[in-house]
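Have a look at the structure below, then the notes.
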Amino acid sequence: MLFRSIFPTRDDDILFLDSFREELGRHFILAMPERAALKACLSKWETYLWAREAGLATPKSWLIEGEQDLHRIVEDLTYPCVLKPVAATYWRKAGNWKIVGGRKAIGVSSQDELMAEYTAIARADRRVVLQEMVPGGDDCLTIAACYLDRDSNWVAGFTASKLVQAPEGFGTG
């Protein structure tokens, strides 16, 4: 039997394939991790925790599950900072994309702006990741992607630099 590989490239594609993993697995090789690892990788909060545990330099981040969390950490914040969905797919569900203004992430410059933005996006999802802003322009963003086989051996990879993204600062490159 000839198997073809499927290499999903977007979070929504990965979740779709995962929901039909058993059926598709009979006919295709799905180039994606097992379900538990997959769900953790799609979570910005889990990724942050893993990076910290591995000793990697990471921007300060907080999991916000309600307005009370914002009030608890407000003294620790520096501005600008950025609000992000815990998982990108949360903001893209149903009418949420309109509620969040079609934004993948939201830069905030003050406490008042943070509270106003959170109040607005909490109608889509109360859970967000708040993160200190890493300085640098869009041209400072680098992407590293790799593919490992089932035994975790390096098969292929690439790096890329974003030259521009739209909208500027938090868009698609």
Side-chain angles (χ1 to χ4, degrees), residues 1-65 80-94 96-97 100-107 121 124-125 127-173:
M1 176 179 280
L2 180 63
F3 280 91
R4 303 250 188 247
S5 295
I6 298 177
F7 293 86
T9 58
R10 298 177 324 126
D11 294 0
D12 287 332
D13 299 338
I14 291 169
L15 290 172
F16 174 81
L17 293 172
D18 184 59
S19 66
F20 296 100
R21 184 185 289 267
E22 289 183 34
E23 298 91 332
L24 290 169
R26 292 185 212 122
H27 307 283
F28 299 95
I29 297 170
L30 301 177
M32 51 193 239
E34 295 302 319
R35 184 166 285 140
L38 173 75
K39 291 195 182 280
C41 289
L42 293 176
S43 166
K44 290 174 176 57
W45 183 247
E46 290 293 323
T47 300
Y48 165 73
L49 294 176
W50 284 7
R52 282 193 50 207
E53 187 175 316
L56 298 173
T58 60
K60 284 184 186 177
S61 300
W62 298 266
L63 178 63
I64 306 300
E65 297 184 290
C81 55
V82 61
L83 281 168
K84 300 178 178 182
V86 173
T89 57
Y90 296 168
W91 283 14
R92 293 186 183 263
K93 285 182 183 176
N96 289 353
W97 192 238
V100 300
R103 300 175 289 177
K104 293 171 44 173
I106 301 167
I121 65 169
D125 188 6
R127 296 184 72 225
V128 297
V129 172
L130 180 61
Q131 190 172 67
E132 73 178 334
M133 185 84 70
V134 176
D138 291 350
D139 60 337
C140 295
L141 297 171
T142 302
I143 299 164
C146 60
Y147 176 70
L148 307 178
D149 68 16
R150 292 178 183 184
D151 298 319
S152 297
N153 296 310
W154 173 271
V155 175
F158 67 88
T159 60
S161 294
K162 283 189 178 181
L163 301 177
V164 67
Q165 59 184 351
E168 189 175 317
F170 300 107
T172 301

Verify side-chain contact (heavy atoms from CB on, under 4.5 Å) between Met32 and Arg21, making sure each step is shown before the conclusion. CA-CA 10 Å; Met32 51 193 239; Arg21 184 185 289 267; 3.3 Å; yes
Assess whether side-chain contact (heavy atoms from CB on, under 4.5 Å) is satisfied between Lys44 and Tyr48, documenting all intermediate values. CA-CA 6 Å; Lys44 290 174 176 57; Tyr48 165 73; over 6 Å; no
When rounded to the nearest 0.5 angstrom, what is the spacing between CD1 in Ile64 and CG in Asp125?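 These two atoms lie 12.5 Å from each other.
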Return yes if some donor-acceptor pair links the side-chain N/O of [X] with the main-chain N/O of [Y] below 3.5 Å, else return no.
X: Asp151; Y: Asn153; value: no
X: Ser19; Y: Phe16; value: yes
X: Thr9; Y: Phe7; value: no

Which heavy-atom pair separates [X] from [Y] by the least distance, and what is that distance?
X: Asp12; Y: Arg92; value: OD2-CD, 4.2 Å
X: Met133; Y: Cys81; value: CE-O, 3.7 Å
X: Trp91; Y: Ile106; value: CH2-CD1, 4.0 Å
X: Trp154; Y: Ala145; value: CH2-O, 4.5 Å

Name the one of Leu24, Ile14, Asp18 that satisfies side-chain contact (heavy atoms from CB on, under 4.5 Å) with Leu30? Leu24
Working note: Leu42 + Thr89, criterion side-chain contact (heavy atoms from CB on, under 4.5 Å); need CA distance, chi angles, decisive distance, verdict. CA-CA 9 Å; Leu42 293 176; Thr89 57; 5.9 Å; no
